[in-house]
Structures are given as structure tokens and as C-alpha cells.
Amino acid sequence: TAELNTLATGLGWKYFGSATDNPELTDAAYVAILSDNKMFGQITPGNSMKWDATEPERGTFTFAGGDAIASLAEGNGQLLRGHNCVWYNQLPSWVSSGGFDAATLTSIIQTHCSTVVGHYKGKIYSWDVVNEPFNDDGTWRTDVFYNTLNTAYVGIALNAARSADPAAKVYINEYNIEYAGAKQTSMLNLVKSLKAAGTPLDGIGLQCHFIVGEVPTGLQASLEAFTALGVEVALTEVDIRMTLPSTPALLAQQQKDYQSVVAACKAVSGCVGVTIWDYTDKYSWVPSTFPGQGAACPWDQNLVKKPAYDGIVAALQ
Ligand code: G3I
């Protein structure tokens, strides 16, 4: 059978991709699979383009980690997703501790977004310009950005990113908007208000960190609700975790779950691609965040394909 990106681009998608991270790039067997552009046509840096990595002190920009992943993508002939410009997490304390007036924080956001996006100008398919602005109940996160600028920080960041690289698509990326509910409604309303105001916005990223047996049935309808507002969508951080140990039954359910997630993107013409949040259990973020859970990726700890891989192929064929 053909590999994932070959199948995906054959459907008209822009890519099938994977997250990666700098420490893993010393693992030659891992990099060999990641770098096969018939398998993965796109990569996302899991950490090294975030604010704490790129502007640890005000006005001091460090791009070594992000550059390593950008050159890997370029050498492999892969698209790159930028992740991310403005997020409450992995934010250096010089920003999160606040104390800025609105004009100063506006300038800090503009400088950060335009410098980072400008640094990668011409190399990025899409940027997660704003990441995770909402709480699960649909209210805005009361981080330094919202507390100082209210909702205006979103447009400030999107405009700065657009100006710095007009060819890069600008996205807002979020989790728990993959099914109908208060959080999804808030995101739909944000898209409407940004569009009405003429603020640049090209896409919404749905992260899709799911649990085996609990993949939302409304995923396709959710994607359609966003594309109906005139944005593209992408599944940006897919993984489907289970309570360990993995069993044949859990792996079989995970295969079905991966198939249904990828099929939802296939069914929606504005869905441009799927990115898994690293392709292998060896480097998944899940076990360290959810103790006792894991095995969330389509390749196992030994870089061997799991039944989940066949589920993705089945959806793409
Ligand atoms: O850089 C430090 C290092 O200096 C230190 O020695 C080490 C010790 O723990 O920690 C390192 O930082 C870790 C960082 O990854 C880089 O490896 C953090 O502890 C760890 O919490 C951090 O986790 C990342 C997580 O975001 C943080 O929120 C994951 O790798 C990354 O996959 C994950 O990705 C997020 C997306 O950005 C947004 N959506 C959710 C997704 C999963 O949480």
C-alpha cells in the first residue's frame, strides 16, 4: 500500500504530517521514518517555536531549535506548521508576570509575532498564531493577554503574523472544540466576529487529543460548522490514548478510532490535512501528562506500526 502522505495528497489534502521535537532528532531510526515525505508531507515542532524557546528574555530571540526543524522540513521537501505565537503556557515569566499597560503588551505581542513569523517567512504553510484561548466552559482564559487587552489580543497577533509573512496561513488552534458545546460555540463566535471585523484568519486547528473508545461522533459536523464560516480546518495534534497496558482489544478499538477521525477530515472539503502529535509512542507527550495512560500513536515504542496505522490507511483509501 501507498504511504500516508501519498494517499492524503491523492485526496487533495495539503499533507499528512507529524509533530516532532529537537531531542528526538538524534535518533536516526526515528528520523528516517519522519523524513520519508511519502509518509509525512508536513512536520510541526512540538516545542521549539514556542515563546519560551524563541524569546526567553524580552528582545532576545533564539531560533536554533526551530531552525533545526525548519531545515529538516526543507531538506525533506515537507511543509512546516508554525506552533505557536501566543499561548498562556510555555510563556516566559517576563511575559506571564504581567504588569504591562495595554500599549506595552500590544507592542510586546506585535514584536514577538512579527519577529518569529518574519524569521520563518517563506517556509511556513500555516501558523498557530493563537493557541488555546478558551477554557473548557467556553469562557476566555484569564491569562496576561486577556487580562490586559481583553479579546483584542487575538486580532493584534493575527495582524502581526499576517504582515510578517503574507503567504503563511494564520490559524487559531484549540482543543475540545471537536464536538458541539460551549467551547465550540465560543470558537465559532470568535471566527464570526473576526471575519466581520476583517481581521486576517485563514484556519482553525482542531487538536484532537482523544481517548480510545471516546472519539466524538460529531467531528465531521464540527468541521463543517467551521468551514461554513469561510475558514479552512486541520486536525493539528491527533493522538488517541488508552489506559495502559495496551491489549489487542484496545488496539483494535484504537484502529477504528483513528479511521473515524481521519475519515471525518476526508469527508469535509475544507479540511486540508491531519497531523499526528508525534507518530510514535516512543516520543508521545501523553504518559508524562496522564500517568498510567499512553500508547496513543500509530507507531509503537519500537517504531513498529500498530493496527491504528491500518485504520488511517483505510480512511485515506
Ligand atoms: O525544556 C525543559 C528542560 O530544560 C527540562 O530539563 C525538562 C525537565 O522536565 O523539561 C523541559 O521542558 C519540557 C518541554 O516539553 C520540552 O521538552 C516540559 O517539562 C514539558 O512540560 C513540555 O511538554 C510539552 C507540552 O506541550 C507543554 O505544554 C510537550 O512536549 C508538547 O508535546 C506539548 O504540546 C502541546 C501543544 O503545544 C498544544 N496542545 C497540547 C499539546 C500537548 O500538551
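In listed order, ligands and their atoms are each counted from 1.
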message: Going by a strict under-4.0 Å cutoff (protein heavy atoms only), does atom 19 (O) of ligand 1 have a neighbour on the protein?
response: no

query: Roughly how far, to the nearest 0.5 Å, is the OH atom of Y175 from the NZ atom of K183?
result: 4.5 Å

message: Can you confirm whether some protein heavy atom lies under 4.0 Å from atom 40 (C) of ligand 1, or whether none does?
response: yes

query: Would you call K282-D27 a salt bridge at under 4.0 Å N-O?
result: yes

Heavy-atom nearest neighbour in the protein, as seen from atom 23 (O) of ligand 1, with distance rounded to 0.1 Å: N47 OD1, 4.2 Å

query: Do any non-hydrogen protein atoms sit less than 4.0 Å from atom 16 (C) of ligand 1?
result: yes

message: Tell me whether atom 29 (C) of ligand 1 lies less than 4.0 Å from at least one protein heavy-atom position.
response: yes

K306 bridged to D281 by N-O distance under 4.0 Å: yes

message: Heavy atom to atom 22 (C) of ligand 1, shortest distance: which of Q90, E237, E132 holds it?
response: Q90

field: Aromatic ring pairing Y120/F63, orientation class (parallel under 30°, perpendicular over 60°, tilted between)
entry: perpendicular

query: What atoms in ligand 1 come closer than 4.0 Å to a heavy atom of Q207?
result: 39 (N), 40 (C)

- prompt: Side chain of D143, backbone of Y146: donor and acceptor closer than 3.5 Å?
  reply: yes

query: Can you check whether a protein heavy atom sits less than 4.0 angstrom from atom 36 (C) of ligand 1?
result: yes

field: Sub-4.0 Å protein heavy atom near atom 7 (C) of ligand 1
entry: no

field: Any protein heavy atom nearer than 4.0 Å to atom 11 (C) of ligand 1
entry: no

Per-atom contacts, ligand 1 versus H209 - under 4.0 Å to a heavy atom: 40 (C), 41 (C)

field: Part of W87 within contact of ligand 1 (heavy atoms, under 4.0 Å)
entry: side chain

- prompt: Given W277, F290, W285, Y283, which has its nearest heavy atom closest to atom 34 (O) of ligand 1?
  reply: W277

task: Answer yes if a protein heavy atom lies under 4.0 Å from atom 1 (O) of ligand 1, otherwise answer no.
output: no

message: If you compare the SG positions of C85 and C113, is the separation below 2.5 angstrom?
response: no

- prompt: Is the W277 ring parallel, tilted or perpendicular to the H209 ring (thresholds 30°, 60°)?
  reply: perpendicular

task: State whether the number of non-hydrogen atoms from other residues, nucleotides or ligands found under 6.0 Å of K256 atom NZ is greater than 12.
output: no

field: Residue among V212, D239, V274 satisfying side-chain contact (heavy atoms from CB on, under 4.5 Å) with Y258
entry: D239

Closest protein heavy atom to atom 33 (C) of ligand 1, given as residue, atom name and distance to 0.1 Å: K50 NZ, 3.8 Å

query: Would N135 and T139 satisfy side chain to side chain donor-acceptor pair (under 3.5 Å), going step by step from the backbone distance to the final call?
result: CA-CA 5 Å; N135 295 310; T139 57; 3.0 Å; yes

- prompt: Which atoms from ligand 1 have a heavy atom of N131 less than 4.0 Å away?
  reply: 38 (C)

